[in-house]
A.B. asks: 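Please read through the structure below; I'll follow up with questions.
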2 protein chains.
Amino acid sequence: MKYAIHTLNKAFDNRVRLGVMAVLMTTDSVSFNDLKEALDLTDGNLASHVSALEKAGYVTVSKQFVGKKPNTTYTASSEGKLAFQDHLNALEKLLKGG
Amino acid sequence: MKYAIHTLNKAFDNRVRLGVMAVLMTTDSVSFNDLKEALDLTDGNLASHVSALEKAGYVTVSKQFVGKKPNTTYTASSEGKLAFQDHLNALEKLLKGG
DNA sequence: TTACCAGCTTTGCAACACAAAGTGCTCTGT
DNA sequence: ACAGAGCACTTTGTGTTGCAAAGCTGGTAA
């Protein structure tokens with residue numbers, strides 16, 4: 001059991017969730033539509049994945065009105081950032097032979 | 001469509017396949033049982049994932065006898081190494097904001 | 001013959017991915 | 001007032017995947 005592939009976080013083993021977290025690690029706050037466009041996803045698909053990340057406590061959702069339009073934005077929680085970093089570290093370690 | 005999450009290789013989007021390739025990038029040739037032990041997998045699970053990588057042309061399988069025991073070893077094909085590197089590059093680019 | 005090992009393959013089931021369609025709300029145009 | 005459009009989901013349906021456990025095969029050992 002030298003290679004610890006089981007320490008990879010199940011919450012991030014999907015490309016969409018990976019992409020969402022990658023965005024949120026650098027941009028701090030993104031709107032639903034920007035995220036949808038940045039990752040080239042259907043709205044249903046994005047919504048379900050973000051919802052999974054929210055349930056895990058990794059992203060927080062805030063809804064407000066911008067002008068007269070509803071606007072949902074997402075932010076990585078500090079817990080989410082930590083968990084994602086851990087995941088990336090585990091990944092890197094794995095790839096370097098651990 | 002700034003973040004190219006769709007260029008990630010589907011063949012490597014699984015932790016087991018990722019682990020197999022990680023091992024084969026550094027060790028060149030591994031036996032079934034060493035791989036199974038290194039990744040802590042059931043034999044059926046390992047066999048199916050390696051078979052998937054074989055079908056994709058990313059690993060090659062060779063069977064011989066060591067003493068009187070059958071022995072199966074796996075090697076990454078050059079195509080597999082290239083594809084894996086591409087995948088890692090795409091991953092890194094994604095994480096760096098592309 | 002009985003038992004065992006290596007390496008699969010099959011089975012069965014639960015979880016997941018995704019697109020498409022539907023929902024409820026609000027605003028805009030006529 | 002009514003139609004249409006946009007936002008952000010939620011639901012539905014379908015196909016795919018992940019996995020453990022069990023079965024299988026072909027060889028060896030006693």
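These values consider heavy atoms only, across backbone and side chains, with no hydrogens, waters or symmetry-generated copies. Fair warning: this is a prediction, and the values are worked out from it, not measured in the lab. Order of the sequence lines sets the chain letters (A, B, ...), proteins ahead of strands, with each chain counted from 1.
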A.B. asks: So, is B:Ser48 near the phosphate of C:dC8, with a side-chain N or O under 4.0 Å from OP1 or OP2?
C.D. replies: no

A.B. asks: With respect to the phosphate group of D:dT17, does any side-chain polar atom (N or O) of B:His49 fall under 4.0 Å of OP1 or OP2?
C.D. replies: no

A.B. asks: Rounded to whole Å, how long is the line connecting atom NZ of B:Lys36 with atom P of C:dG7?
C.D. replies: 9 Å

A.B. asks: Rounded to the Å, how far apart are A:Leu8 CG and D:dC19 P?
C.D. replies: 11 Å

A.B. asks: Would you indicate, yes or no, if D:dC19 has its OP1 or OP2 atom less than 4.0 angstrom from a side-chain nitrogen or oxygen of B:Thr42?
C.D. replies: no

A.B. asks: Between B:Met25 and B:Phe84, which heavy-atom pair has the shortest distance, and what is it?
C.D. replies: CG-CD2, 3.5 Å

A.B. asks: Please state whether the phosphate of D:dC9, meaning OP1 or OP2, lies under 4.0 angstrom from any side-chain nitrogen or oxygen of A:Tyr74.
C.D. replies: yes

A.B. asks: In whole Å, I'd like the distance from the CZ atom of B:Phe65 to the P atom of D:dA29.
C.D. replies: 11 Å

A.B. asks: OP1 or OP2 of D:dG6 versus the side-chain N and O atoms of A:Asn33: is any pair under 4.0 Å?
C.D. replies: no

A.B. asks: Would you say a side-chain N or O of A:Arg17 is under 4.0 Å from OP1 or OP2 of C:dA17?
C.D. replies: yes

A.B. asks: For B:Asp13 and C:dA15, give me the distance from atom CG to atom P, rounded to whole Å.
C.D. replies: 20 Å

A.B. asks: I need the CZ-P distance between A:Phe32 and D:dG6, as an integer number of Å.
C.D. replies: 15 Å

A.B. asks: Would you indicate, yes or no, if C:dA17 has its OP1 or OP2 atom less than 4.0 angstrom from a side-chain nitrogen or oxygen of A:Asn45?
C.D. replies: no

A.B. asks: If you assign each of B:Leu41 and A:Asn71 to its closest nucleotide in DNA chain D, which residue comes earlier from the 5' end?
C.D. replies: A:Asn71

A.B. asks: In this structure, how many angstroms lie between the P atom of C:dG24 and the CG atom of A:Asp43, rounded?
C.D. replies: 16 Å

